[in-house]
Amino acid sequence: MTAAEPPFAQVRWCVLGRTAGGAVEALDLADGAGSVTLSKEEFPGWIAEREAGGAPRWVWSDTASWLPPLLTAGVRVERCHDLRLSHAILQRSELVRDPAPLRAAVEWEAGATAPAEPTSAPMLFELEDPAESTRSVPHGVDAALAEFARQRAALAAAHAPARLQLLLAAESAGAIVAAELEAAGVPWDAAEHDRLLRETLGPRPATGEKPARMVEVGAEVRAALGDPRASLDSPPKLLRALRAAGVDVGSTSRWELAEHEHPVIAPLLHYKKLARLFTANGWAWIDEWVRDGRYRPVYVPGGVVTGRWASSGGGALQLPRQLRTALRADPGWTLITADVAQLEPRVLAAMAGDRAMAAAGSGTDLYAGVVASGAVATRDEAKIAVLGAMYGSTTGDSGRLVPRLRRSFPAAMRLVDHAAEVGEQGGVVSTWLGRSSPEPGPEWRELQARASLPSATSRDEERARRAAREYGRFTRNFVVQGTAAEWALAWLAELRLRLAEIDPGPVAAPASGPVFERRPHLVFFLHDEIIVHAPVERAEAAAEAVRAAAITAGRRLFGEIPVDFPLDLRISERSGKG
DNA sequence: CAAGGTTGCGCG
DNA sequence: AAAGCGCGCAACCTTG
C-alpha cells in the first residue's frame with residue numbers, strides 16, 4: 001500500500017538544474033548542504049544511488065526534457081515535481097489567492113521541450129534559426145529554485161492546499177508515465193496490421209496510387225452517381241456530384257448520408273471507410289510510427305484545458321478500435337487491458353455527493369442503475385440523458401430526457417447546472433482538485449458588452465446569448481471531464497508505483513531498453529483506459545495492481561464515499577476483441 | 001508554393 | 001450539420 005500524499009513540509013525535495021556547459025547542479029533542500037555539480041556522465045548513476053536509498057522528490061523544469069535520458073541510461077525515478085506543469089495549473093487556479101507572482105514569471109509559460117535527439121544534430125538546427133525552435137522553460141537551478149519558491153508560497157496560502165498538492169503530484173506523475181510510455185512503446189504486430197490492411201484494401205499500392213479495393217468501390221460509387229469522373233476525395237466536388245444525382249444533402253458527412261436512400265449511399269460510405277483506414281492508419285502510418293515491433297506515439301500531458309492529455313504525432317488518442325488486434329504482447333508476455341465503466345458520471349456523483357446517482361452506479365453498469373431508479377425507461381435513454389446532462393443538451397431526445405434526471409439526481413444536476421451558469425456569465429469554474437477553466441477571451445466579452453448596449457440589435461442579443469450558452473456548455477463539461485482526468489491521473493500514478501513493486505521473477509526480458517520494461521509496465525493510456533504489458537507469470541499480480549490502484553485513486557480524491565469505479569479488465573495476448 | 005482554414009472522421 | 005463536451009490528423013482548398 002502506497003502512502004497518501006505527505007504534507008508538503010515532510011517531502012524530501014531535491015532541485016535539479018542544468019548549467020550552460022551541460023552539467024547538472026543538484027540541491028537537496030532537506031540536508032542544508034550546498035549544491036553538488038555532476039557531469040553529464042555522472043548524473044544518471046548519481047540519481048540511481050539516491051533512488052535506491054529513500055527516493056527524494058526531484059524538482060525539475062520539465063519532465064519531458066529530464067527523464068528520457070535517464071530512462072535510456074536505465075534509471076527509473078519514483079516521483080518528481082514538474083515545475084512547468086505545476087506552474088500552468090497554479091497560475092490559473094481559483095484556489096490560489098495571489099497568482100500575481102506566478103503570472104509575472106512569464107518565462108515558465110512555455111510548451112514542453114522535446115527530448116534531446118542523441119543521433120541527429122539539433123544544435124546546428126538551432127544555430128541556423130533560433131527563433132524557429134519552440135520556446136522552452138528555463139532549465140537552470142537558480143530559475144528552478146525561484147519558481148519552486150513561488151509555487152510553495154502559492155500552495156501554502158491556497159484555499160485547499162491538500163487538493164492542489166495532490167493535483168500537482170498527480171500531474172507530475174502523469175508526466176513521468178508519459179515519458180515511460182514513450183520509452184517503452186506499444187508492442188505492435190506490424191505483420192498483423194499489414195494483413196488487416198491487405199484484407200480490407202488489397203495489396204499495398206505504389207506511392208501515389210490508391211489501393212485496388214478503393215478503386216473498385218470508387219467505381220461503384222461513380223456508377224451509382226451516373227458520373228464517371230466524379231471526384232470522391234474533395235467534399236465540395238462530391239457534394240455537387242451527389243446533388244446532381246438527386247441526393248439532397250447539405251454536407252457529405254457520414255451521419256447525413258446515412259439518412260438518405262439512394263444506390264450511391266452504401267458504396268460511398270464503404271469508400272469513406274476504406275479511405276479513412278488507408279490515409280490515417282495505412283502502410284504509410286506503419287512506416288512512420290512502428291519500428292522494431294514498437295509503436296511510439298507522442299503524448300502531451302496536460303495538453304487539453306481540462307487536464308486531459310493530448311497527443312502530438314502518431315495519433316495515439318485516435319487509434320481505431322479496428323486496429324487493436326495489432327496490439328500484441330511479446331512472446332512470454334501478455335496484455336492487461338482495463339477501462340473504467342462510465343467514469344464521468346461516477347466522478348460527477350462523487351463530486352456532488354449525489355446518493356441517488358451513487359446508488360445507480362453501485363453495480364457495474366451505471367446506466368442500468370439509472371433505469372432502475374425509474375428516471376428513464378431504457379438503457380439507451382439513460383445514456384443519452386446522462387451524456388446530455390454533462391454536455392448541456394437542450395434539444396432533441398437528449399434535451400427532452402435531461403429534465404427527468406433533474407428530479408431523480410438533484411445534487412448532481414445542481415452541480416453541472418451551476419457550472420453552466422457561471423460560464424454563461426463569463427466566470428471561472430474548477431475541478432475537484434482545483435484546476436480552473438480559462439476565462440473567455442476579449443472577443444466573447446465584447447459580444448456580451450455590445451448586447452447590453454442601448455443600441456444593441458436583436459441580432460446582437462441573439463449572438464451574445466448563443467456565445468454565452470456555448471461557454472456555459474464548456475464550463476459545465478469542464479468540471480466533469482477535468483475531474484475525471486484527475487481520477488485517471490491518480491490511477492496512473494498509483495498503478496506505476498504498484499507495478500514497480502511486483503517482483504519481476506525469471507522473465508524473458510525484452511532484449512534491450514529501459515530496466516522498467518523487464519517488469520510489468522504501462523504501454524498505453526487513453527483517458528479512462530490503460531494497457532499493461534506483463535510477463536505471463538506476473539499477469540495476475542499486474543491485474544490486481546490495476547484494480548487496487550483504481551480503488552486507491554477514488555479514495556485519494558474523494559475519501560470514503562459510496563461511489564466505486566468498476567473496471568472492465570481483460571488479460572490476453574492481443575488487446576482487441578477475441 | 002507555403003501557410004492557414006475547412007471538412008470529415010477517428011478516439012474518449 | 002450532430003441534438004451535446006474535449007481532442008489530432010489527413011486531405012483539400014483558398015489565400016498571399
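From a predicted model like this one, the values you see are computed outputs, not experimental measurements. Every chain is numbered from 1, with letters handed out A, B, ... down the list of sequences.
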With respect to the phosphate group of dG8(C), does any side-chain polar atom (N or O) of S312(A) fall under 4.0 Å of OP1 or OP2? no
task = Would you classify S398(A) as touching base, sugar-phosphate or nothing, given that sugar-phosphate means primed atoms plus P, OP1 and OP2, and contacts are heavy atoms under 4.0 Å?
result = base
Are the side chains of E182(A) and P68(A) in touch, meaning some heavy atoms are under 4.5 Å apart?
no
Separation of dA3(C) atom P from R466(A) atom CZ, nearest Å, is 12 Å
Between CZ of R473(A) and C1' of dA2(C) the distance, given in whole Å, is 12 Å
Here the distance between atom P of dA10(C) and atom NZ of K210(A), to the nearest Å, is 17 Å
Re dA11(C): Watson-Crick or G-U wobble partner, both distances kept under 3.5 Å, found to be dT6(B)
A quick test of your reading: do over 12 heavy atoms of other residues, nucleotides or ligands sit less than 6.0 Å from NZ of K383(A)? no
To the nearest angstrom, the CG-P distance between N281(A) and dA10(C) comes to 9 Å
Rounding to an integer number of angstrom, what distance separates dA2(C) and dT7(B) when you compare their C1' atoms? 14 Å
Atom CZ of R469(A) and atom P of dA3(C) are separated, to the nearest Å, by 14 Å
Next on the checklist: More than 12 heavy atoms of other residues, nucleotides or ligands under 6.0 Å from NE2 of H418(A): yes or no?
Outcome noted: no
Between dG4(C) and dG5(B), how far is it from one C1' atom to the other, in whole Å? 24 Å
From CG of L405(A) across to P of dG4(C) the rounded distance in Å is 16 Å
Given 3.5 Å as the limit, does a donor-acceptor pair link the side chain of T252(A) with the main chain of L238(A), or not? no
By nearest-nucleotide position on DNA chain C, the 5'-leaning member of F474(A) and E259(A) is E259(A)
With sequence neighbours left out, the residues meeting ring-ring contact (aromatic ring centres under 6.0 Å, His included) with W487(A) are W491(A), F565(A)
Closest of dC7(C), dA10(C), dG4(C) to the A310(A) side chain is dC7(C)
5' to 3', nucleotides 5-12 of chain B under a 4.0 Å protein heavy-atom cut-off (B base, S sugar-phosphate only, - none) gives --SBBBBB
Scanning both residues in full, the closest heavy-atom pair of S172(A) with S86(A) reads OG-OG, 4.2 Å
Just checking V305(A): base, sugar-phosphate only, or nothing, at a heavy-atom cut-off of under 4.0 Å? sugar-phosphate
Is V305(A) close to F474(A) at the side-chain level, that is, under 4.5 Å between some pair of heavy atoms?
yes
Query raised in the report: For atom C1', what is the distance between dA3(C) and dG4(B), given to the nearest Å?
Result: 30 Å
From CH2 of W283(A) across to C1' of dA10(C) the rounded distance in Å is 17 Å
note: R476(A), atom CZ; dC5(C), atom P; distance rounded to Å ~ 11 Å
